[in-house]
Amino acid sequence: QFQPQTTVQKQHFIEWFSGKQLPSYWTKNNIQSTTFAMSDSVNGGFQITTGTAGGDKGSISFNDINQFAYDNSVIIAVVKFNQTSGMTGAVGFSNDNTLGSSHSALYNESVESNFKLSTRGTNARTETDTSVARDTATRTVKIVNNGSSTLMFFDGVLVSTVSSSIPNAAMQPVFYVASDPPNGTKSANITYLECYNA
């Protein structure tokens with residue numbers, strides 16, 4: 001801690017996805033026919049791979065231990081979605097492990113042309129277009145929640161700002177992959193994740 005002793009250190013978490021296995025503080029949520037493994041490739045990080053059927057999906061999270069503030073938090077992730085057809089994927093903050101409740105996340109959905117910023121609070125879920133075409137490149141995403149808006153940056157460039165339907169409950173980091181029609185195995189890799197209360 002580099003702050004004065006009278007200042008309480010805020011939550012700050014960093015994960016380099018390397019080594020033989022995922023650390024035990026992560027929970028693997030095998031929702032349906034999904035495998036989890038460290039990737040045996042250079043800078044491959046951690047990989048989630050679905051089965052071949054539509055609806056096969058899984059995620060990693062903190063098992064609903066929501067340590068990060070909805071109104072003053074930041075998450076940074078380096079991710080790669082390995083298909084553009086028949087895949088849904090996400091990385092960001094969520095109050096649960098599937099973006100079903102309060103959340104702010106990068107959303108990659110097979111029926112869309114571009115990446116989205118997905119948010120939800122007291123209102124219904126909102127997906128805001130980023131104008132960044134979906135691809136299989138390694139991307140660095142940063143999401144900032146400040147209580148009045150949620151901002152998303154792609155590779156250092158601001159691509160979306162949302163001021164309604166923003167998170168309203170404490171959250172945890174989540175990385176999620178699902179297979180959609182046309183069916184087949186889908187996968188995504190995460191190599192770095194950082195999140196903190198600002």
Side-chain angles (χ1 to χ4, degrees), residues 8-15 17 22-32 34 36 46 48 50 55-79 81 87-110 112 115-130 139-154 159-180 186 188 190 192-198:
V8 177
Q9 179 74 40
K10 296 181 179 179
Q11 293 285 353
H12 196 143
F13 173 81
I14 296 174
E15 181 73 77
F17 290 89
L22 194 67
S24 60
Y25 43 79
W26 287 101
T27 295
K28 300 171 187 174
N29 307 295
N30 185 358
I31 301 164
Q32 183 172 306
T34 304
F36 306 87
F46 182 77
I48 298 177
T50 72
D56 288 351
K57 54 191 171 184
S59 69
I60 58 172
S61 68
F62 280 2
N63 196 28
D64 295 338
I65 298 174
N66 297 303
Q67 300 174 324
F68 298 95
Y70 66 90
D71 57 353
N72 200 17
S73 59
V74 177
I75 187 166
I76 302 166
V78 178
V79 295
F81 299 102
M87 160 187 271
T88 296
V91 64
F93 280 130
S94 181
N95 186 254
D96 62 14
N97 59 32
T98 60
L99 308 187
S101 58
S102 176
H103 69 265
S104 58
L106 161 66
Y107 196 59
N108 176 18
E109 187 174 18
S110 60
E112 301 290 346
F115 288 108
K116 305 278 188 174
L117 169 59
S118 178
T119 56
R120 184 172 184 174
T122 54
N123 301 323
R125 176 176 171 170
T126 298
E127 294 178 15
T128 305
D129 195 284
T130 66
R139 297 283 194 168
T140 300
V141 60
K142 178 180 180 181
I143 300 170
V144 178
N145 299 297
N146 61 30
S148 60
S149 61
T150 296
L151 298 83
M152 186 164 75
F153 299 80
F154 245 64
V159 294
S160 286
T161 302
V162 177
S163 56
S164 61
S165 190
I166 58 176
N168 68 337
M171 298 176 292
Q172 63 187 319
V174 170
F175 178 50
Y176 171 83
V177 180
S179 176
D180 302 323
K186 313 299 176 187
I190 184 166
Y192 177 79
L193 186 138
E194 178 178 0
C195 42
Y196 55 90
N197 287 326

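Since the structure is predicted, the reported quantities are computational estimates derived from the model, not experimental observations.
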Minimum heavy-atom distance between [X] and [Y], given as atom pair plus value:
{"X": "D96", "Y": "V174", "result": "O-CG2, 3.4 Å"}
{"X": "A90", "Y": "F81", "result": "N-CE2, 3.9 Å"}
{"X": "G92", "Y": "I143", "result": "CA-CD1, 4.4 Å"}
{"X": "A169", "Y": "N95", "result": "CB-ND2, 3.9 Å"}
{"X": "F93", "Y": "C195", "result": "CZ-CB, 3.6 Å"}
{"X": "Q32", "Y": "T34", "result": "O-OG1, 3.0 Å"}

Could you check if a side-chain atom of [X] sits within less than 4.5 angstrom of a side-chain atom of [Y], using non-hydrogen atoms only?
{"X": "L22", "Y": "I60", "value": "yes"}
{"X": "K116", "Y": "D129", "value": "yes"}
{"X": "S179", "Y": "K186", "value": "yes"}
{"X": "V141", "Y": "V91", "value": "yes"}
{"X": "V74", "Y": "K142", "value": "yes"}
{"X": "I166", "Y": "N145", "value": "no"}
{"X": "I76", "Y": "T140", "value": "yes"}
{"X": "F68", "Y": "P173", "value": "yes"}

Query raised in the report: Does N72 use its side chain to pair, donor to acceptor, with the backbone of A198 at less than 3.5 Å?
Result: yes

Query raised in the report: Between the main-chain N or O of N168 and the side-chain N or O of S102, is there a donor-acceptor pair closer than 3.5 Å?
Result: yes

Regarding [X] and [Y], do their side chains bring together a donor and an acceptor under 3.5 Å, going by distance alone?
{"X": "N197", "Y": "S73", "value": "no"}
{"X": "H103", "Y": "T119", "value": "no"}
{"X": "T88", "Y": "D180", "value": "yes"}
{"X": "D64", "Y": "Q172", "value": "yes"}
{"X": "T126", "Y": "N123", "value": "no"}
{"X": "E194", "Y": "Y192", "value": "yes"}
{"X": "N29", "Y": "N97", "value": "yes"}

To the closest 0.5 Å, what do you measure between [atom1] ([X]) and [atom2] ([Y])?
{"X": "S148", "Y": "D71", "atom1": "OG", "atom2": "CG", "result": "10.0 Å"}
{"X": "T27", "Y": "N30", "atom1": "OG1", "atom2": "CG", "result": "12.5 Å"}
{"X": "S160", "Y": "F115", "atom1": "OG", "atom2": "CZ", "result": "12.0 Å"}
{"X": "T50", "Y": "M87", "atom1": "OG1", "atom2": "CE", "result": "7.0 Å"}
{"X": "F17", "Y": "I190", "atom1": "CZ", "atom2": "CD1", "result": "4.0 Å"}

Requested in this report: Anything under 30° is parallel, anything over 60° is perpendicular, the rest tilted; go ahead and classify F13 against Y25.
Outcome: perpendicular

Query raised in the report: Less than 6.0 Å separating the ring centroids of W26 and F36?
Result: no

**Report entry** Whether over 12 other heavy atoms sit under 6.0 Å from Y70 OH
**Finding:** no

Query raised in the report: Hey, does the Lys NZ or Arg CZ of R125 hover above the aromatic six-ring of Y107, less than 6.0 Å from the centre and inside 45° of the axis?
Result: yes

